[in-house]
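Structure record follows, encoded as structure tokens.
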Amino acid sequence: MSLHVYNTLSRNKETFESLKPGVVSMYVCGPTVYDKAHVGHAMSSLVFDIVRRYLEYTGYEVRHVMNYTDVDDKIIQRAQYEEVDAIELAERYITQYDQHLKELNILPATVYPRVSTEIQNILQVVQGLIDKGYAYEVDGDVYFRVNKDDDYGKLSNRKLDDMESGSRINVDSRKESPMDFALWKSAKPGEPSWESPWGEGRPGWHIECSVMSLEHLGEQIDIHGGGNDLVFPHHENEIAQSESYTGKPFARYWLHNGMMQLSGEKMSKSLGNLVTIESFLEENEADVLRMMILNSSYRSPLTFSDEVIEQTKKALERLRNGLRPAFPGAAGADAPVVEMLAEQVKATDAGFRAAMDDDFNTAGALGYMFELVRVINQARDAQATDEQLQPAQSLLTEFGGVLGLSLVREVSDQAGAAPFIDLLLEVRGELRKEKLWQLSDLVRDKLKELGVSIEDTKTGTTWHWE
RNA sequence: GGCGACGUGGCCAAGUGGUAAGGCAUGGGUCUGCAAAACCCUGAUCACGGGUUCGAAUCCCGUCGUCGCCUCCA
């Protein structure tokens with residue numbers, strides 16, 4: 001079994017093969033930074049983090065580029081409203097998003113390019129497209145000539161004729177075709193702008209990704225990712241620009257994640273139905289969001305609701321409980337139990353990989369992890385020792401890591417409290433012998449309030465930080 | 001109007017030709033002084049209608065519904 005991925009370009013699952021053996025180049029469209037990012041943005045970053053982690057797990061070196069769009073109409077609008085510099089406004093939100101990426105345990109990309117620092121490269125490509133006849137200048141604007149590009153529409157499966165006839169955009173008569181899109185826009189006063197052969201101006205939205213990808217990953221890349229709302233026009237236009245410029249196929253695999261749904265609609269800034277990453281993380285730990293994404297197909301819409309969040313928290317807790325140590329003084333499990341555990345380890349190992357190889361079927365992969373948890377718990381109940389549990393638990397930890405989950409409870413022994421907690425529990429043990437239930441329950445309740453969860457078993461009492 | 005996706009038990013959700021993973025919740029039981037955790041048992045024929053097939057949730061046609069894109073958007 002080898003990795004298969006669903007390619008939007010062919011609308012099929014394809015065997016994954018990288019251009020260069022052992023190396024994968026991956027470009028993912030990042031956010032336009034004009035406001036606080038929401039959990040939908042996080043979903044995209046998380047999805048491709050999981051893709052990357054699995055690729056790395058299977059032995060690839062991944063060159064991963066994620067851009068920040070820091071020059072854009074909305075940023076300019078917002079900056080004028082707040083009476084601040086547009087680039088500085090963008091900078092503010094970039095810093096914030098960087099922080100979110102860390103908090104969400106997303107592996108750092110190889111490069112995080114942004115528009116404002118790539119202008120020279122953009123100018124070069126725009127000029128190149130003009131020289132090759134794929135673009136033309138009108139009054140300081142430069143447009144891409146879609147009619148010159150024979151396979152325009154191949155990603156989003158649209159025909160130019162249909163689009164033009166169905167178009168309800170007020171057509172700019174200066175454009176040769178209504179579908180021609182801007183590569184360079186002449187600047188209005190007060191907007192951030194750069195000098196160009198066509199006068200003061202700034203890049204259009206689509207050209208930046210083509211250029212950054214070219215600059216940081218080369219003419220051809222393996223994976224291009226982003227939300228499925230970008231398929232048209234953004235990615236379609238990227239293909240048009242890149243392939244017209246280099247004369248080579250651009251990205252081999254186009255991967256698109258589904259949209260986060262809040263009360264039945266796509267979460268988005270323009271609709272105003274959103275939960276910011278910031279507010280989500282105030283209420284929940286990062287792994288909860290990751291777990292929500294893992295529990296369904298990355299290509300499908302994801303239901304976001306309080307109920308689902310609560311369900312996810314519990315599921316995560318169950319996964320972690322699979323890593324609890326053996327009962328204190330466990331006598332050791334019988335051979336059949338140990339054997340059953342060993343078999344489940346094998347099944348989980350094979351099942352997990354097969355699921356992930358099938359277009360990153362994380363929900364299926366999680367299923368195998370949960371089954372392993374159940375068998376671990378069975379073994380634990382049957383007096384398995386830490387040593388006997390170890391192979392299963394380390395596999396669980398390993399796969400958790402592949403998915404980017406930190407299942408191991410942080411052993412943040414607050415101010416060396418452990419010996420004192422042990423002492424308390426020893427005293428509580430004496431209280432229980434005397435059947436002083438009120439007192440012993442008081443200890444349990446108070447410890448709970450302090451974040452210490454205890455578990456009474458036949459052979460003794462264990463505890464862990466929550 | 002055009003293009004595309006989806007509709008699986010109360011909720012979330014795998015599975016795309018051979019008689020429905022997993023998680024959460026529910027109900028019953030075991031363990032426990034009680035509790036928590038855990039373990040065992042418990043429920044769906046897969047929107048609807050028709051067709052292809054020995055056999056379909058899985059393929060085809062139609063209907064209904066939901067969502068995305070076609071304008072900035074992860």
Side-chain angles (χ1 to χ4, degrees), chain A residues 8 11 13 28-32 34 37-48 66 69 72-75 77 153 156-159 161-163 165-170 179 205 225-234 236 256-261 264-271 291-292 294-297 299-305 307-319 321-322 324 327 351 355 358 361-371 373-374 376-382 432 435-438 440-441 444-445 448 453-458 462 464:
Chain A
T8 307
R11 281 166 286 275
K13 280 183 192 170
V28 181
C29 288
T32 301
Y34 69 94
H38 57 74
V39 290
H41 298 115
M43 176 179 177
S44 191
S45 292
L46 280 164
V47 162
F48 290 100
M66 193 199 88
T69 300
D72 162 89
D73 289 351
K74 290 208 168 178
I75 298 171
Q77 228 174 50
S156 55
N157 195 29
R158 288 156 209 247
K159 295 188 182 70
D161 294 344
D162 296 344
M163 284 190 271
S165 58
S167 172
R168 48 188 169 79
I169 318 155
N170 41 341
M179 298 314 294
W205 175 37
N228 66 13
D229 54 347
L230 298 181
V231 173
F232 189 90
H234 187 55
E236 192 70 62
H256 292 100
N257 65 275
M259 295 293 103
M260 190 82 95
Q261 304 285 121
E265 269 186 317
K266 175 177 119 171
M267 189 180 290
S268 77
K269 290 173 190 170
S270 35
L271 289 171
M291 191 72 179
M292 285 172 70
L294 291 170
N295 189 44
S296 73
S297 160
R299 287 193 278 134
S300 303
L302 183 69
T303 309
F304 187 93
S305 69
E307 192 183 2
V308 171
I309 292 172
E310 286 312 307
Q311 291 174 358
T312 307
K313 278 185 190 168
K314 299 211 170 130
L316 186 60
E317 191 56 25
R318 178 170 172 79
L319 221 43
N321 277 340
R324 287 179 305 176
F327 289 143
D358 182 14
N361 180 356
T362 52
L366 272 184
Y368 286 101
M369 290 174 69
F370 278 113
E371 281 176 4
V373 167
R374 189 178 65 242
I376 289 172
N377 287 334
Q378 284 169 346
R380 189 169 180 267
D381 280 357
R432 293 181 73 215
K435 299 194 188 302
L436 297 170
W437 307 125
Q438 272 195 331
S440 72
D441 288 354
R444 182 172 68 199
D445 294 345
K448 182 91 180 168
S453 180
I454 73 178
E455 179 183 8
D456 292 325
T457 74
K458 280 178 194 156
T462 61
H464 64 79

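The shown structure was predicted, so the numbers you read here are calculated from the model rather than taken from an experiment. Convention: sequence-line order gives letters A, B, ...; per-chain numbering from 1.
With hydrogens and angles disregarded, a donor-acceptor distance shorter than 3.5 Å links the side chain of Thr362(A) to the backbone of Leu294(A).
For Glu236(A) and Arg158(A), the salt-bridge test fails: no basic side-chain N is under 4.0 Å from an acidic carboxylate O. The existence of a salt bridge linking Arg444(A) and Asp441(A) is confirmed by a sub-4.0 Å separation between a basic side-chain nitrogen and an acidic carboxylate oxygen. Of the charged side-chain nitrogens involved, at least one lies within less than 4.0 Å of a carboxylate oxygen, so that Glu310(A) and Lys313(A) count as a salt-bridged pair.
The CG-P distance, from Asp381(A) to A38(B), rounds to 10 Å in whole Å. Atom P of nucleotide C34(B) and atom CD1 of Ile454(A) are separated by 15 Å, given to the nearest angstrom. Per the geometry, CZ belonging to Arg432(A) stands 9 Å off C1' belonging to C34(B), to the nearest Å. One interatomic measurement links the two molecules: CZ of Phe370(A) to P of A38(B), which rounds to 11 Å at whole-angstrom precision. In this structure, the CZ atom of Arg324(A) is 11 Å from the C1' atom of C39(B), given to the nearest Å. Put simply, CG on Leu294(A) is 18 Å from P on G22(B), counting in whole angstrom units. Rounded to whole angstrom, the span from the CD atom of Gln378(A) across to the C1' atom of A37(B) amounts to 15 Å. Atom CZ of Arg318(A) and atom C1' of G22(B) are 10 Å apart (whole Å).
Annotation: G33(B) and G27(B) have their P atoms spaced 24 Å apart (nearest Å). Rounded to the nearest Å, the gap between the C1' atom of A38(B) and that of G4(B) is 46 Å. With P as the reference atom, G51(B) and A14(B) are 31 Å apart, rounded to whole Å. If you take atom C1' in G50(B) and the same atom in A56(B), they sit 14 Å apart, rounded to whole Å. Distance noted for atom C1' between C41(B) and A47(B): 31 Å (whole Å). Taking atom C1' on both C46(B) and G17(B), the two are 15 Å apart, rounded to the nearest angstrom. For the C1' atoms, the distance linking G15(B) with U58(B) amounts to 9 Å, nearest Å. Comparing the P positions of C3(B) and A74(B) gives a spacing of 27 Å, expressed to the nearest Å.
Among the atoms of the strands shown, none is found under 4.0 Å from any heavy atom of Asp445(A). Residue contacts shown for Glu371(A) are limited to sugar-phosphate atoms, with no base heavy atom under 4.0 Å away. Within 4.0 Å of Met267(A), counting heavy atoms only, lies at least one base atom of the nucleic acid. Gly40(A) comes within contact range of at least one nucleobase, with a heavy-atom separation under 4.0 Å. Looking at heavy-atom distances under 4.0 Å, Thr32(A) makes contact with sugar-phosphate atoms alone, never a base. Residue contacts shown for Gly258(A) include a base, since a base heavy atom lies under 4.0 Å away. At the heavy-atom level, His234(A) lies nowhere under 4.0 Å from the strands shown.
Residue side chain Lys314(A) does not reach the base of C24(B) through any donor-acceptor N/O pair under 3.5 Å, judged by distance alone. In the interface, the side chain of Arg444(A) is not paired with the base of A36(B) through any donor and acceptor atom under 3.5 Å apart.
The Ala315(A) side chain lies nearest to G23(B) when the options are A74(B), C67(B), G23(B).
Pairing for A5(B) is with U66(B), a Watson-Crick or G-U wobble pair whose two hydrogen-bonding atom distances lie under 3.5 Å. Pair assignment for A38(B) gives U30(B), based on Watson-Crick or G-U wobble hydrogen-bonding distances that are each under 3.5 Å. Pairing partner, A21(B): none, since no Watson-Crick or wobble contact has both distances short of 3.5 Å. Summarising the base pairing, U45(B) is matched to no nucleotide, lacking a Watson-Crick or G-U wobble pair whose two defining distances lie under 3.5 Å.
Remark on RNA chain B: of its neighbouring residues Lys74(A) and Thr457(A), the 5'-side contact belongs to Thr457(A), judged by nearest-heavy-atom nucleotide. Looking at which nucleotide of RNA chain B each of Phe327(A) and Gly264(A) is closest to, the 5′-most match is held by Phe327(A).
Counting heavy-atom neighbours within 6.0 Å of Phe304(A) CZ, excluding the residue itself, gives a total above 12.
Annotation: side-chain hydrogen bond (donor to acceptor under 3.5 Å, both in side chains) contacts of Lys74(A) (sequence neighbours excluded): none. For Asp73(A), the salt bridge (Lys or Arg N to Asp or Glu O under 4.0 Å) criterion is met by Lys185(A), Arg202(A), not counting sequence neighbours.
Here the closest non-hydrogen pair linking Thr303(A) and Val308(A) is O-CG1, 3.9 Å.
Between Lys435(A) and C34(B) there is no side-chain N or O to OP1 or OP2 distance below 4.0 Å. An OP1 or OP2 oxygen of C39(B) is reached within less than 4.0 angstrom by a side-chain nitrogen or oxygen of Asn377(A).
The structure places OG1 of Thr312(A) at 7.0 Å from CE of Met291(A), a figure rounded to the nearest 0.5 Å. In this structure, the separation between CG on Asn228(A) and OG on Ser44(A) is 9.5 Å, given to the nearest 0.5 Å.
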Item checked: Protein-to-nucleotide contact annotation, 5' to 3' order, nucleotides 4-19 of chain B [B base; S sugar-phosphate only; - none; under 4.0 Å, heavy atom] -> S------BBSSS----
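In this structure, the aromatic ring of Tyr368(A) is not positioned over the six-membered ring of the base of A21(B) within 5.5 Å between centres and 30° between planes.
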